[in-house]
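For reference, the structure is listed below as structure tokens.
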Amino acid sequence: MKFVSDCLTGKDNLTYDAGRVIGVLGALMYVAFWVVQVVATWRFTPGDADAYRRGLGMVLLAMAGALALKSHTEPERK
């Protein structure tokens, strides 16, 4: 549980960061929707794997960009 809390909070490890929470939820939902699609169609091709890789990479890149843009507004450790 501490690992999850550390991933979702800012520099001070007390304040939950909306960008991190939304980014992690977005990545988890991406994986969940992909699993549902694969289970529903019962096929998985190399093209599907490449599209999944690129899509998840873009989700994680957007999360990293959002966190980099707002890094100077996070509360500091005490």
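FYI, the numbering just counts along the sequence from 1. When reading the values below, keep in mind they use all heavy atoms of this one structure, side chains included, and skip hydrogens, waters and symmetry mates.
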Quick check for you: to the nearest 0.5 Å, what is the distance between [X] atom [atom1] and [Y] atom [atom2]?
X	Y	atom1	atom2	result
Asn13	Leu8	CG	CG	11.0 Å
Gln37	Trp42	CD	CH2	12.5 Å
Met63	Met58	CE	CE	15.0 Å

Which heavy atom of [X] sits nearest to which heavy atom of [Y], and what is that distance?
X	Y	result
Leu67	Gly19	CD2-C, 4.2 Å
Thr9	Leu14	CB-N, 4.2 Å
Arg43	Asp48	O-OD2, 4.1 Å

Linked, directly or transitively: [X] and [Y] (ILVMFWY side chains, under 4.5 Å):
X	Y	value
Val21	Met29	no
Tyr16	Leu25	yes
Trp34	Val59	yes
Val39	Val31	yes

Answer with yes or no after comparing the ring centroid distance for Tyr30 and Tyr52 against a 6.0 Å cut-off, counting only values under it.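 Between Tyr30 and Tyr52, the centre distance is under 6.0 Å.
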Crowding at CZ, Phe33 (>12 non-hydrogen neighbours, <6.0 Å):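 For Phe33, atom CZ is not crowded (no more than 12 foreign heavy atoms under 6.0 Å).
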N/O donor-acceptor pair under 3.5 Å between Ser5 side chain and Met1 backbone: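 No; judged by distance alone, with no hydrogens or angles, the pair does not exist.
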Residue pair Val38 / Val35, side-chain heavy-atom distance below 4.5 Å: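 Result no, sub-4.5 Å side-chain heavy-atom pair not found.
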